[in-house]
Amino acid sequence: MTRRTRHAVTALATATAIVASPGRADEIEAPDGSPAEAMVQSQTRVLVVTGLGGEPDYARAFALQGDACARHAEAAGATVTLLKEEAAGREAIRNAIGAIARESTETDAFVVQLIGHGTFDGEHYRFNVPGPDPTAADLAAWLKPVTAKRQLAVIATSASGAAQERLRHDGRAVITATRHGRERNASLFGGFWAEALDAPAADLDKDERISADEAFRFAERAVASYYEDQQRIATEHPRLEGDAEAFILARTTPEEPLEPASVHLVSRVDELTAAIDALRADRRVLTDDDYFEKLQELLLELAKVDQELRANRQDPSSADPIAPFQEDAKR
Amino acid sequence: MIRSARRLPGLGPLPSRAGGKFHGFLRRVGFGLVAGFVAVSAHGDPLAQCRMLEISNRDDARDCFRGYLTDPSPALRAEAAWALGEIQVANGAFRRAAQASPNDANVRVRWGELFLSTYQVADAETLFSEALAIDADNVPAKLGLARVALGRFEARAKQIVDAVLAEAPDNIEAKLLHARLALEVGDIEAARQSLRQPLAAEDALLRLEAMALAAALDHMLGSAPSAWEAKALEIHPGYGELFETVAHFYIITRRYREAIAQLERAVEIDPQLWSAHATLGINLLRVNRFDEGRATLAKAHDGDPYNVEVVNTLRLLDSLHGWDALADDEVILRIHPDEAGALSGYVRNLVTDAVKTVGERYGFVPDYPVVVELYPRHQDFAVRTSGLPGIGVLGVAFGDVVLMDSPSARSIDEGFDWASALWHEIAHVVTLGATNNLVSRWFSEGVSVFEEWRTGPSRLQPVDAAVGAARHRAVPLAVVEAHREAEMLPVAVLDEGFIRPRHPGQIMVSYNQAGLLCEFIGEAHGQAALSRILAAYRDGMDTVDAVEAALQIPHRAVDEAFRAYLDERFAGIDPAAFAAAMQEAVDSASTGEWAVAAQAARRAIASYPNAIAEPSPYPLLARAEARQGDQSAALDALTTYWRAGGRSPAALARLADGLAEAQRPGDALAVRRSLALTTPLSIEGRMRFGDDLLAFGKPREALREYLAAKSLKPHDAADAHYRLARAYHRLNEPEDARRHVLLALEIAPRFADALSLLLEINQ
């Protein structure tokens, strides 16, 4: 998803929250009431699984990371399933994915996050859980019936790079802690991934939401810095395949509801951000002076609209909680 | 250009005039042999005639040696090949000689000498040891080991030589080594005594070496040129080792410009003396003559491609392309481009402050710029310093050139307080400059350590009525124990603790002893007494004379008074009680028994006040107090730690946050300043300090911090631009403010704070 589209989604998500409560996939009216502009609200479902730690320190760390991922996803409005400790066996994972497959629709988004240790025997990647370990091929097979067109698999384990090929699928982004299966040392990526969801610095575009792409970039850099600072050879190189920008995994601030009177301002914000994107695309054909003059013009208007929007905000406690995680697709 | 470091895995051909870090006296074994050294004959050196021809006519000498290349004796063939620079041939021949005569210790000695001359010291040591296993009384083998130790600056060199002389008082080789060792520690009289016999030796090459050492002795006494120079050149006009030897003593007394002059003479009369070219190149770098140094090293490399120091240094110089050289009237900085933006401001301030503060205290403020180079890789620093990786020091001052590990090379958690270390090195710049480099090692180190404690960025700032307040900076417990075990050296020979330590721990003890001695002199005789000692060194006095002249008491009385001072200073310090209390505190903390932990930490502090090195009881006490709900006591503990010079980033961050929460923004800012200085490459730390400065109404300083953080390429670029914009806005510099806020919003158009700032700027 381009930045332009994404900003459009931000505005729309805010607007639809006025009339829709989270968790429902209904057809709703557009905020301006136009019957021709009907929209479908989508649902994001998140499955978080923490595997075996092997040692108490790892077990504790994985549990904390899993909790953090689930908590942030929930706060961002997703429907979350968290499997951990003894409940995180192979069958439980299969069943959880199966349930999601049955409930989700094409317009939904689905995110699966596996945190723990992984192994690669030269042929199969395995995620270490109590009992038999699921392989990458198992996961790929279980994900097949999931109809959600936007999918994200995050495999934050050692050797997880080996799962990339198996999990590759149209519409599915795959994030792994390692580049390939031969990076077998216990991975740090999961810790930094969880940290990213709570780090304002990870929100690079300052839209108050942390996308999977932003979290990946934050964690990738943190992993590299760690090995550099320790003057150690990096034994893991995180890898992202596909477009992860569309998946919002956390918010840096709670979403605040809007006065209905502000909806037109949101539309204007959308137009302005789109115009800024277009201007940036044209930067090469403009002189620096022209570019920054035009940029300032747009930004000044955006600033004024933003100021109005903030002034119009309601007391959050008086409104229904909003579901910023949900991504409405304008059709 | 990258050169390969050929470490002689199989010994290749060696140019005929190559040498090693062990200087000319080692190289002599390849050319100027004496009868007693030669393995091939118990009755004399058949090659002696060839060797003597080296003096008068090198071509004839080579012809002479060639005649022995087909000799039936493999040992003789080895000697001839070695003399001709055919090192692989020599090595093979020695191997065959050793196989043929497995019980001949002398063959192994000579083979070892071959390795020593080609920089393979460990192999040489093995062969000398094998020779001694065959013949426990073999003097050349013992002296071979002594030379190995000498090259490594190990104290056992002297022990071995003394033992040889005890059994063979007339051994010329041993006397020459003895003289060299004595001269290295400034014992002029002993050196003079030892040279008396070698100067009259029958063997011309031994006599030449004695003359070179005698010339060096004169130079060390300030009597240059020495009459021995003319005498030696009369015997051998191309005897470049003469000036190379003199240069060696200038180098170890840090007089690099004088050394360079000698080395230039050495290569002038013997252009193929590659070891002198190498030493010259390295020393030109030490005085910041980079281009000449590089060219000279390249020449040395062309002549002797096996010199590891040269190869390493050239490789390092190649890697310095692209480094920033930032110069003004006071400081010339060479810093890695990735770190220049974050470090240059702090380094400049530290250098300027240290030059002024320390300089004024000792009456010498350099009026020339100080060169500072910071290396992110410790091995690069080591190569730049000594040509070889693996040295243990973290910083070094070559007169006005300071080389150091950068803060990225090792962290404060590893005990590297880089700002304090830089202060230490700048104090050397002062003491070296004030005395034209004539200051003794102990005094220069002593002043540097003392000034770290007294005036440096991590200096002791005593706290009245606080937890464990003490008047003095804590020293390592090993130093306390060394004093109590009477292991500290008298002032007259304190230099030996640095130059030839008897055990690895002695260097650390010597540093601290030197600092304590300066502290004692300052307290007992006044700061002026330290300046008087410095002046005495400048006037050419040795340690005993300088100390006695400055303090007007015999040096032994100084030792005695110093011991009494330490008795009092260390009174109450109980290493065993400290260790036990710390253990109890740590154990109790791990089980959540915070009251017990706090009590034990307090006992630890009482038995070793101001203990700031890891494991320090103060952060532990603070944690225990905080867990018990006494935030004020926690802040007191951390404040004492900080003011005593403690610089753990985690502890300082807790203290700064706690002080801010306690509505003490001024104190919080001071701690945050220490924290930023301690970890200058922390983006978060620099940003946070900038925020505090801005909140405290110091936008100019805040801007510097934000620029430093920005130079480190923060992940969140929009935020970095936004902070810069805020600082510029506060400074009423609207164009820069506008530029940065636009750059922030270009990245993140929905950045609410930046949008507000844009409106504010445009109002």
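Quick caveat, the model's predicted, so the values are computed rather than measured. Reminder, nothing fancy here: chain letters follow the sequence lines and each chain counts from 1.
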So for A:Ile276, is it side chain, backbone, both, or neither that comes closer than 4.5 Å to the heavy atoms of chain B?
side chain
Ring geometry between A:Phe216 and A:Phe189 (parallel below 30°, tilted from 30 to 60°, perpendicular above 60°):
tilted
Chain A: which of B:Ala744, B:Ala754, B:Ala752 shares the most heavy-atom pairs with it under 4.5 Å?
B:Ala752
Does a side-chain N-to-carboxylate-O contact under 4.0 Å join B:Asp716 and A:Arg221?
no
Side chain, backbone, both or neither: which part of B:Arg738 has an atom under 4.5 Å from a heavy atom of chain A?
side chain
B:Glu684 atom CD: more than 12 heavy-atom contacts under 6.0 Å
no
Under a 4.5 Å heavy-atom cut-off, does chain B meet the side chain of A:Gln307, its backbone, both or neither?
side chain
Non-hydrogen atoms of chain A under 4.5 Å away: do they reach the side chain of B:Glu746, the backbone, both or neither?
both
Ion pair check, B:Glu705 and B:Arg672, cut-off under 4.0 Å
no
Would you kindly check if the NZ (Lys) or CZ (Arg) of B:Arg730 is within the cone defined by 45 degrees around the ring axis of B:Tyr706 and under 6.0 Å from the six-membered ring centre?
no
Using heavy-atom distances under 4.5 Å, tell me whether B:Ile683 contacts chain A through its side chain, its backbone, both, or neither.
side chain
Is B:Ser411 in contact with chain A via its backbone, its side chain, both, or neither, using a 4.5 Å heavy-atom distance?
neither
B:Ala342 to B:Leu681 - nearest heavy-atom pair and separation:
CB-CD2, 3.9 Å
